[in-house]
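I have placed the structure first, in the form of structure tokens, so that the comments after it can refer back to it.
Residue numbers start from 1 in every chain, and the chains themselves are labelled A, B, ... in the order their sequence lines are given, proteins ahead of strands. These numbers were taken from a predicted model, which means no experiment stands behind them.
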Amino acid sequence: MADIELYYQERNPSPLQLVWFAFKRRLAPMISLWLLGSLLLLVILAPVITPYSANVQFVDAISLPPSWTHDGNMQFLFGTDDLGRDMLSRLLIGGRFSFGLPIVIVILASTVGIFIGAMVGADTQSKLRILGRTLDRLLTIPSFLLALVLIAILGAGLGNAIIAITLSLIPQFIYVTRNAVYQEWQKDYVTASRLNGCSNTYLMYRVILPNITPSLVMQLTVALSVAIMDIAALSFLGLGVQSPTPEWGSMLARSLDEVYLSPWSMVLPGISLFVTIMAINVVGDSLRRAIKQRMDT
Amino acid sequence: MSHLLEAVDLFKTFRPRRAWPWSKKSVALEPTSFTLEAGQTLAIMGETGSGKSTLSKIIAGVEAPTGGELYLNGQKLNYAQSKRRCQNIRMVFQDSDKSLNQQLTVGQQLEEPLLFNRDMPSSERKQLINSTLRKVGLLAEHAAFYPHMLSTGQKQRVAIARAIILDPQIVVADEALVALDPSVRAQIINLMLDLQKDMGISYIIVTHSPQIVKHIADKILILYRGKMIAFNETERLLTEKQQPYIEALLHEHLTNHSQITGNSSAKVTE
Amino acid sequence: MDLLDIRNLTIEMDGPHGRVRVLDKVSLQLKEGEVHSLVGESGSGKSLLAKAVIGVLNPLWDVTADRLWWNGKDLLAMTPKQRRAITGRDMAMIFQDPLAYLDPNSTVAEQITEAIPAGDVTGTFMHRRIDRKTRVAQLLHRVGIRDHDAIMQSYPYELSEGVAQKVSIAIAIAHRPKLLIADEPTTAMEPSTKDQIQRLLGKLAVSQNMSVLLITQDVASILPATQRVSLLYCGQMMEHGDTETILNRPAHPYTDAMIKMSLQAHAELDPKSKLPSLPGAVPTLRHMPIGCRLGPRCPYAQKQCVKAPLVRHREEQSYYCHFPLNEPES
């Protein structure tokens, strides 16, 4: 290319970059994004930064309130629970299951779901249509119920919970991908690429995939918050993470008995769950808004 | 001598979606035959729903015909021969906005047909893209632009560049001129005429504007409800007496027209 | 008094690249019963002008005007509620793609009935029912649809392009508006349908004593009945005035070019000859030229054109240009 720069603009942002610019300009989503980022970091570093092991019981510090209250102790920043276990350590380690695990689950579910969805959506000879239709029927069952049914078959336990939630999320990804691919496939620019003699793999990865990224990213955020809720709910019911392993949902369930005596043991995991899910929803929502804004201008 | 493109009894029927297998098929295009010579322009005209888009799509290879044959340079062209077709017959779509991929730069989109149809190193590809961009009146710098940064006219030029980059013999333009602004439309028509002169391209244009057809077409093919009712040279269709349907298609607006330009010439001579 | 009196209407918006003036001091007067064509290419702000009149602009945009009067009342000074009352009673709009604006889930009869003002039909329940039905039929007749029974029962997707546009016109005139804004009503249509719609609009303007503001991108598609024409380019008014005068003796180079570029003018040329055209492309919002925005593309432009020209008058036309064409010999 010639070296002369004819226009004064120094870069040609791609449409995806423009979405990012629009996203970046707003405060709340950026705070949420930072929050999620630091949470992820905390969760990864949890074994290193926790002051105590999650299951060590301090007999002399049972049901100690958080450190900022009158009876608190700086040794236990967030206090301890009814067995004398440090709340901060439990929250951080619990975050690995409540926040880290859903991320893994969503990555698994999306890989499988997007792959199958793309195949079904790009299928012009309707060989795979039956598969798509069958999986659509699965969508009529709420994903949590589906996970419960799967657990009823597989039995309780963390591993089974992961399998159950992953499986119950896959139909949604297939549905979203299939519809997006199918819609794009009808458009002129895909036809134009087809007339260029492009191979199907090229069409899928270079032509269609960049154009459906927005809807996929949105589905990812939705799936992530659903996965967090599901794993917390399953653990709350005692079907997911088994005690004494800390998890926000199971911590909530445990705290039910002594909610009047030590409210913090319920409030703290509750707030963590609330903040995480809200941050994810805010990010997802602003992403949708940023995409719409770019489409409008 | 064989014709550049010869269609013999091309037809297309389809069964409505979700219909019973034994229900009657509807006919989109009845058997149609025509020929096209090198360097000439064929206009396909007709009302909405007359099958003109279907015919152009069959020629460009977007859709498969139900039956009939298409001969390119005397050799039979099957629907499945996508390589040979896309090197010789290219298509420009109605809406340049929709026919360009918003997520790829102009250069990447122009590279696409080269990647799959030409065996050339990347430096040569770049050179060809540059020269093609210049041919359609754009700058080499435009290769780095995304479609949303270009104006409608420039997008249409990119679409034409994509069509001619493989040095095709035939370009099919489906309503590519109607919705454009007057100044852009005139520019694009000029560009198409220039390219025809320089590269010897044949055009098959689908349009319902008699003025454009009169200006650029050598032959006109008129469809009525999927049936070809006229195929002749522009001159003869215009001068000879025709059926009312054809007359209406070709001579619409002439009354309106005399009102605008007729008066002006009168005033100028005053 | 003018029905609609716009003086120096300016619309500014904050884009991602700073403040942009999308309409730059545009003036337009519309008399009662007048057919006025507003010609401009895409990006000229012609649809924005229409939106400013009916008051559906993005509220974040800055709309300023020396005057935006409707029947002598200042539209900009009104509360949104007052303004909506006027818009709903006296104005109507039709669009390029009627099928996108008709409700796909109800029949034509239902949609037209909805548009008939409630005060128009009185009497008992049965009376009102019959009355409404006859009124719908009347309206359909008025827009040139004869087999009203069949059309009334059909859903929008069953209609052809032309009939759908006629139905949308019927809906628009149901409450007898004083002004009908037609936003490129015939752009994508084939010639015969286009002709029908144009003739219909001209006829309605006379029979209903309704002003029509026709927005179009081509001088070739202005209505045969048009009394006055305005030409917009990139948010600036180029020329306006009497149709005859403007089409025969354009003062502004842009008008001249638009006439020469119109489809009708092509017929005069030899087949396959070069068509006259303005060089270059319409500038984007980020790169608006200063002064006369036509400047960079204008074949007659000189240094002076970087200053925006003031309005000048010549007989029946007003234009914004330093170097007008077709000056009468003195």
Side-chain angles (χ1 to χ4, degrees), chain A residues 1-22 124-126 129 133 180 182-217 291 293-297, chain B residues 17 57 60-63 81-87 89-118 123 126-127 129-130 133-134 139-149 158-159 162-163 165-166 168 172 174:
Chain A
M1 188 189 294
D3 289 322
I4 324 148
E5 191 70 54
L6 255 178
Y7 296 95
Y8 58 80
Q9 76 198 88
E10 57 290 335
R11 55 164 198 262
N12 300 335
S14 77
L16 283 181
Q17 278 172 314
L18 284 177
V19 169
W20 170 240
F21 291 150
T124 41
Q125 276 112 45
S126 65
R129 189 173 292 159
R133 294 280 175 248
Y182 184 75
Q183 265 171 25
E184 296 300 312
W185 199 270
Q186 314 293 324
K187 290 191 179 161
D188 277 350
Y189 74 92
V190 179
T191 311
S193 288
R194 209 147 54 81
L195 291 182
N196 282 343
C198 296
S199 63
N200 275 355
T201 4
Y202 182 93
L203 270 183
M204 201 37 106
Y205 287 104
R206 289 300 301 275
V207 180
I208 293 185
L209 202 59
N211 282 287
I212 61 170
T213 314
S215 43
L216 290 187
V217 169
I291 290 162
Q293 205 176 347
R294 203 202 70 68
M295 302 265 187
D296 288 348
T297 48
Chain B
R17 254 190 105 200
K57 278 180 184 156
V62 179
E63 282 175 17
Q81 285 176 299
S82 62
K83 275 272 140 68
R84 185 163 158 239
R85 184 191 295 271
C86 71
Q87 288 177 16
I89 306 180
R90 305 280 293 159
M91 184 158 177
V92 177
F93 290 81
Q94 175 172 14
D95 192 341
S96 57
D97 242 343
K98 286 185 196 145
S99 72
L100 293 179
N101 190 343
Q102 299 294 324
Q103 308 286 344
L104 297 180
T105 62
V106 168
Q108 283 169 320
Q109 303 198 38
L110 292 182
E111 203 174 1
E112 216 175 84
L114 297 179
L115 279 175
F116 287 92
N117 293 297
R118 292 275 186 275
S123 60
K126 233 170 209 160
Q127 222 150 35
I129 290 170
N130 285 355
L133 279 174
R134 263 189 237 114
L139 299 163
E141 280 76 12
H142 281 111
F145 281 32
Y146 286 92
H148 67 90
M149 299 154 74
V158 172
R162 181 171 60 183
I165 198 164
L166 287 176
V172 181
D174 187 358

Inset, instruction - Could you tell me which non-hydrogen atom of B/Phe93 sits nearest to which non-hydrogen atom of A/Ala192, and how far apart they are? - result: CE1-CB, 3.6 Å
For residues 107-116 of chain B, run the donor-acceptor check on the side chains, cut-off 3.5 Å, and write out each pair with its distance to 0.1 Å, sequence neighbours left out.
unit_1: B/Gln108; atom_1: OE1; unit_2: B/Thr105; atom_2: N; d: 2.9
unit_1: B/Gln108; atom_1: OE1; unit_2: B/Thr105; atom_2: OG1; d: 3.2
unit_1: B/Gln109; atom_1: OE1; unit_2: B/Asn101; atom_2: N; d: 3.1
unit_1: B/Gln109; atom_1: NE2; unit_2: B/Asn101; atom_2: O; d: 2.6
unit_1: B/Gln109; atom_1: NE2; unit_2: B/Leu104; atom_2: O; d: 3.1
unit_1: B/Glu111; atom_1: OE2; unit_2: B/Arg125; atom_2: NE; d: 2.9
unit_1: B/Glu111; atom_1: OE2; unit_2: B/Arg125; atom_2: NH2; d: 3.3
unit_1: B/Glu112; atom_1: OE1; unit_2: A/Ser193; atom_2: OG; d: 2.7
unit_1: B/Glu112; atom_1: OE1; unit_2: A/Asn196; atom_2: ND2; d: 3.1

Inset, instruction - Examine whether an atom of B/Arg90 lies under 4.5 Å from a heavy atom of chain A, and if so say whether it belongs to the side chain, the backbone or both; otherwise answer neither. - result: side chain
Inset, instruction - For chain B, find which of A/Val207, A/Leu195, A/Leu18 contributes the most heavy-atom pairs closer than 4.5 angstrom. - result: A/Leu195
Inset, instruction - Tell me, out of B/Arg162, B/Arg85, B/Met91, who's got the most heavy-atom pairs with chain A below 4.5 Å. - result: B/Arg162
